[in-house]
Amino acid sequence: MAGEAPSYTVLVVEDNPDIVVSLQDLLTHDGYTVHTADSCAGALAQLGAYHFNAVLLDVTLPDGDGLEVLATIQQLDPHLPVVIVTASTATEKTVGSLTRGAFAYLTKPYHREELRQTLRRAIGVKELAVKAQRAEHLLTESEDRFRSLVESASDAIVVADGRGTILSHNHSAATLFGYQNHDLIGQPLTKLMPARYHERHNAGIARLEAGGSSRLIGSILELQGLKQDGTEFPIELSLATWKTATGNYYSGIIRDVSRRKETERALDELRRRHTLILTQAGEGIYGIDRQGLATFVNPRAAAMLGYSVEDLIGRPMHALLHHTRIDGTPYPDDSCPIYAALHDGEIHRVTHEVFWKRDGTSFPVEYVSSPLWEDDTVAGAVVVFHDTTKQWRIESGLRKREDRLEYVIRGSSDGFWDGQVLPGRPWHHPDTPVWWSARVRELLGYTENEFPDILESWTSRLHPGDRERVLAALAAHMERREPYDTEYRLLTKHGEYQWFRARGLAIWDEHGHPIRMAGSLQCITDRKQMEEALHRSERLLKDVIDNTTAVIYVKLADGRFLLTNRRFQQIFDLSADQIVGRTNHDLFSPEIAEAFSANDRQVLERNAAIEYDEVAPHADGVHDYISIKFPLCDETGRPYAVCGISTDITERKRLGDLLRGNEERVQLALMSARIGIWDWNLQTDHCYWSPIANDLLGLAVGAGPLSRQDFLASVYADDQASVLAALLTAQHSSQSELAFAHRVCRADGTLHWLSWSGHIVRSATGAATRILGTVQSTTPGQTTLSEPAQADRSALEKPRHDHPRS
């Protein structure tokens, strides 16, 4: 409906001006913006210049087949819906158009409501397709980001299916095990582990696939890995699993702990050899057997716990010093990391727990529980701990500050950076250390290896057109302390430049030399694109309104002009500066100004588009206008201005009056000569004629359009065959004129002769589409049904051919 005003644009491709006007009225009334073309070339030009939501396409056009236009539209925009509107009933033009990509087809004469519904469905399908494309694009971007994160990880990451076959891995995994990037794809996980783990691994996979569980999932394990050259090395493994409709999948994060293992072995050896020394250490150290009973305690440990060494030997250490968690809840010994070393044979490092003293107070500790091996059997464990009260206090304050900073960084869409000037080097040296936050690399799409923490990572990716300006802005800040807040483009990993806004602040030493600078990086590409699109839109709007012959203007609710186009300024010989900010009463006579203002107020009051007939003063006198005025509303729906589009119809009105006068004179002449006018539409098979023709045929006054059969029925029976032959010959030959005569029987039984002559109108292909002509009585007297048939011989002529048949 007109009040809904959908913001859609439709292209109507039709060479029949009557149909074009009808479609324009219908679609404009429904709120569409309508563009028209009367040929294939015109349609293609419109499609190249404008964006459309739908196309109404006639398949029979003067310069070609509309189906060729349909094929071109499919190439330009496969999602642009095309509705075929055709007078042909041929399958190729109707159903056949659907197989060529048309959304639907309508046959002429079309049903207005059917056209409305078909057009709405077509535009709805187009919007769904665009949304689907946008959703697919966003999903692809999400997958690319995830893949980038995995590839940038320093730890090895391996993903396998339920059969234990490697599906994917990152570059770090291939490097860690000594393979090329894709050598491991499709290989079993056992390729990465010594043979002694194979049976246990396969059994675990089978148990999980059968629906069982594993305590290894979610834990951090220390095992041996197997390189391609056959060497073993210690690894730390974290396992995870997930289930999909296609089965179970497993992932492992693997870290080489060779150096750590070597350190631990050296430490164990040192402890065994230097027990006496350890008893004098500043850390608390004690050992336990497999039952958790103390086997030795150094003096430092006993002192921190408030016991003597003798008080602790042979006693259950967990029950004495590790029985309760920091929150006051019981700490079961089967959950204790110290005891865990006795069962899994692995080293456990723990921070932020508490040990309990003899007097019932507690203190924060960090401890390491290491298994003691004898003949490949865990015989006990050694626990090394130290009081972290001071460290905890310091870390607690630092942690609060770091947490706040981390929340700020993580909660911000900006990237952050922090650079330090190297002693003896200029600040702009390529190797100047700069810490880039993960968000900076994420914005640009680089890994840490691709974008290392040096200044050159950034300067090498500055847009050539921005480099000199940006470095000058940095120099101005570093050397003259001018504010640093600038915008520039950086090259992303995808090979395209994105816009960023950078802000920063330096720190200077007592001599005024910069020693450090930190700041933020914000992606503003979307804003830049929006600004550019807005500028293009403004330029396009200005070009459109300045190059139209209509008068376009915008007036605020208080009547002051906000905008006018070039045509307005030319007609009234005023510049934009002389118009903007003034009212109708400042520019026009009181009568005309008040008429304009009254119409403007009515539009604002109704908050709806209204069409007016208005007059405006020109240099050659007053001109008539048709004005479409509609409200411009803010985000609340309240109108704040009126926009008007006024078309000068002075000449059209003069010509219309002249045409009507001529038509009246022709009608009077025809009536006085008793000549009827007729128009036979060969495509619809309907014949229209004037009231005189009705009278000559003996039909009732006001009879509607007749088909060929209805017309023949009014012809005297003996003449019908010859009349039909004349009509068919004219329709299927190349002649341009038609003439025939026949008799009609009046109600009083008399026969009257009528003579018909007409001009045949043909399409661009030569097909006859309509015949227009006159009819008049040629009966000098009248005859009756009883008169001899030889009267027919002189009157029933064959159709006259002015041109030879081709």
Side-chain angles (χ1 to χ4, degrees), residues 132 135-258 346 438 441-442 444-451 492-494:
E136 180 179 357
H137 175 68
L138 293 176
L139 179 59
T140 301
E141 284 188 339
S142 177
E143 292 174 346
D144 290 342
R145 286 195 297 270
F146 176 77
R147 189 176 298 107
S148 176
L149 289 173
V150 170
E151 283 300 323
S152 66
S154 58
D155 290 340
I157 300 176
V158 179
V159 177
D161 61 16
R163 296 175 299 175
T165 302
I166 297 174
L167 299 179
S168 67
H169 61 82
N170 64 352
H171 177 73
S172 296
T175 302
L176 179 63
F177 289 94
Y179 291 90
Q180 295 298 318
N181 271 344
H182 302 292
D183 288 352
L184 293 173
I185 302 300
Q187 299 294 325
L189 284 170
T190 53
K191 196 174 183 70
L192 305 179
M193 62 183 72
R196 62 181 178 277
Y197 294 150
H198 290 188
E199 183 178 353
R200 181 180 176 187
H201 163 75
N202 293 332
I205 289 288
R207 183 170 61 256
L208 289 171
E209 288 298 302
S213 60
S214 172
R215 66 183 180 84
L216 302 182
I217 301 299
S219 301
I220 299 177
L221 309 175
E222 291 189 357
L223 304 168
Q224 292 291 312
L226 182 66
K227 292 182 178 291
Q228 186 183 27
D229 60 8
T231 59
E232 294 186 12
F233 66 105
I235 60 172
E236 191 175 76
L237 172 65
S238 176
L239 292 174
T241 182
W242 68 94
K243 182 180 292 186
T244 71
T246 60
N248 295 328
Y249 293 88
Y250 306 91
S251 66
I253 301 177
I254 307 164
R255 178 174 296 173
D256 185 350
V257 293
S258 300
E346 298 179 2
R441 296 186 176 94
E442 181 182 340
L444 297 171
Y446 296 109
T447 65
E448 188 172 354
N449 290 334
E450 296 166 335
F451 200 91
T492 68
K493 186 175 181 178
H494 299 297

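Between the side chains of S258 and D256, at least one donor N or O sits under 3.5 Å from an acceptor N or O.
A distance of 9.0 Å separates CD of Q187 from OG1 of T165, quoted to the nearest 0.5 Å. The distance from the CZ atom of F451 to the CD atom of E442 is 13.5 Å, given to the nearest 0.5 Å. Atom CZ of residue R200 and atom CE of residue M193 lie 10.5 Å apart, to the nearest 0.5 angstrom. A distance of 9.5 Å separates OG1 in T175 from NE2 in H169, rounded to the nearest 0.5 Å. Note: L237 CG to D155 CG = 11.0 Å, rounded to the nearest 0.5 Å. Taken to the nearest 0.5 Å, the CD atom of E199 stands 12.5 Å off from the NE2 atom of H201.
In terms of the side-chain contact (heavy atoms from CB on, under 4.5 Å) criterion, residue partners of Q228 (sequence neighbours excluded) are, by chain and number, Y179. Residues that satisfy the side-chain contact (heavy atoms from CB on, under 4.5 Å) test with I235, not counting sequence neighbours, are L223, F233, I254. Listed by chain and residue number, R260 satisfy the salt bridge (Lys or Arg N to Asp or Glu O under 4.0 Å) test with E236 (two or more places apart in sequence, or in another chain). Taking the side-chain contact (heavy atoms from CB on, under 4.5 Å) definition, one finds that T492 meets it with L444, H494, E496, Q498, sequence neighbours left out. Here P188 pairs with T190 under the side-chain contact (heavy atoms from CB on, under 4.5 Å) rule; sequence neighbours left out. Residues passing the salt bridge (Lys or Arg N to Asp or Glu O under 4.0 Å) test with D161, sequence neighbours excluded: R163.
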Inset, instruction - Would you sort out whether L167 and Y249 count as a side-chain contact (heavy atoms from CB on, under 4.5 Å), showing the intermediate values? - result: CA-CA 9 Å; L167 299 179; Y249 293 88; 3.4 Å; yes
Inset, instruction - Take T241 and L239 through the test side-chain contact (heavy atoms from CB on, under 4.5 Å) and record every step on the way to the result. - result: CA-CA 7 Å; T241 182; L239 292 174; over 6 Å; no
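Shortest non-hydrogen contact noted between G225 and P194 is C-CD, 4.3 Å. In this structure, G162 and I205 approach most closely via the heavy-atom pair O-CG2, 3.2 Å.
Within the 4.5 Å cutoff, the side chain of I166 has heavy atoms near those of the L192 side chain. Considering only heavy atoms from C-beta on, Y197 comes within 4.5 Å of Q224 through its side chain. Proximity of L176 to R255: side-chain heavy atoms (C-beta onward) are nowhere separated by under 4.5 Å.
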